[in-house]
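Residue numbers count from 1 along this sequence.
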Amino acid sequence: PKVQPSIKLMPFKSMANLLEDESIQVMFGYKDTLKKSIPGRYVHLSYCPLVCICNKNHEFAQKETLEAKELKGRLILSEPHSIPQPIFKYQSELASARAADEVIIGEGFESSLALAKVGLGFLIFPDHALVRDPELCYIPIKGFPSLSFGLYYKSLKDNQVLKQFIEIGKEVFKKAD
């Protein structure tokens with residue numbers, strides 16, 4: 001009731017800059033393993049395993065799990081500036097072993113999902129049940145880590161609404177896990 005949300009869809013690093021400048025008070029994101037590109041404090045909400053995302057007609061769709069060595073075929077990447085560093089790390093490792101015609105680059109996560117949905121390839125991204133597209137398949141990859149997903153904020157000082165928002169976020173993700 002006391003919150004005026006503003007939902008912004010922009011590159012991850014741009015969001016981090018807004019948090020640094022205090023143009024936004026909080027942002028969702030994956031824990032920064034570099035520990036320097038995102039300002040503020042981090043609150044863990046959930047662990048998200050890296051999965052292979054593809055459409056229901058893809059050759060991987062009927063598999064229960066995959067191993068990294070099975071990830072053959074056209075890989076869909078998101079532009080590096082549009083995704084968090086930990087995700088880019090795994091995507092670039094897979095892309096480096098492919099010919100140029102086996103890699104498609106989407107502008108961001110949403111466009112990469114659209115490319116997978118129409119059957120142009122598969123992508124690797126963290127999975128969480130709260131944001132799944134029912135038209136796509138999400139196949140766990142053995143040996144790949146789970147990434148910590150949570151909230152970044154700069155300060156809770158004199159900000160009861162932000163404190164409540166963080167507590168609600170913890171409850172929602174706890175129920176979803």
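- Considering only heavy atoms from C-beta on, L71 comes within 4.5 Å of R98 through its side chain.
- When the shell of 6.0 Å around CZ of R132 is examined, it contains more than 12 heavy atoms from other residues, nucleotides or ligands.
- Residues F122 and H58 share a closest heavy-atom pair of CD2-NE2, 4.0 Å.
- Atom-to-atom distance recorded for S92:OG and I124:CD1 is 12.0 Å, nearest 0.5 angstrom.
- Across all non-hydrogen atoms, the minimal contact from K170 to V43 is CE-CG1, 3.5 Å.
- Here the shortest heavy-atom pairing between F125 and Q91 reads CD1-NE2, 3.7 Å.
- A distance of 9.5 Å separates CG in N159 from CD in Q164, rounded to the nearest 0.5 Å.
- At a threshold of 4.5 Å between non-hydrogen side-chain atoms, the residues M27 and L18 do not count as touching.
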Problem set entry | side chain to side chain contact (heavy atoms under 4.5 Å, CB included) assessment of L45 paired with F28 | CA-CA 10 Å; L45 296 175; F28 289 97; 3.9 Å; yes

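- Both I76 and F60 are part of a single hydrophobic cluster, where members link through side-chain heavy atoms under 4.5 Å apart.
- Between A116 and L123, the shortest heavy-atom distance links the atoms CB-CD2, 3.6 Å.
- At distances below 3.5 Å, at least one donor-acceptor pair connects side-chain atoms of N55 with backbone N or O atoms of N57.
- Neither V172 nor Y47 shares a network with the other; the hydrophobic side chains, linked directly or stepwise wherever heavy atoms of I, L, V, M, F, W or Y lie under 4.5 Å apart, form separate groups for each.
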Distance-only donor-acceptor pairs under 3.5 Å for side chains of residues 137-151, two or more places apart:
from, atom 1, to, atom 2, distance (Å)
Y138, OH, D133, N, 2.8
S148, OG, Y42, OH, 2.7
S148, OG, H44, ND1, 2.6

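- Proximity of a side-chain donor or acceptor of E79 to a complementary backbone N or O of I105 within less than 3.5 Å is not detected.
- The distance from atom NZ of K154 to atom CD of Q25, rounded to the nearest 0.5 Å, is 12.0 Å.
- Separation of atoms NZ (K163) and NZ (K157) is listed at 11.0 Å; rounding is to 0.5 Å.
- To the nearest 0.5 Å, atom OG of residue S46 and atom CG of residue L130 are 7.5 Å apart.
- Of the candidates L115, L75, L77, L115 is the only one forming a side chain to side chain contact (heavy atoms under 4.5 Å, CB included) with I104.
- With salt bridges taken as basic N to acidic carboxylate O contacts below 4.0 Å, none links E171 and K174.
- The shortest distance between side-chain heavy atoms of P126 and L50 falls below 4.5 Å.
- The nearest pair of heavy atoms linking F173 to H128 is CD2-NE2, 3.5 Å.
- Residues C54 and L136 have side chains not in contact (no heavy-atom distance under 4.5 Å, counting atoms from C-beta outward).
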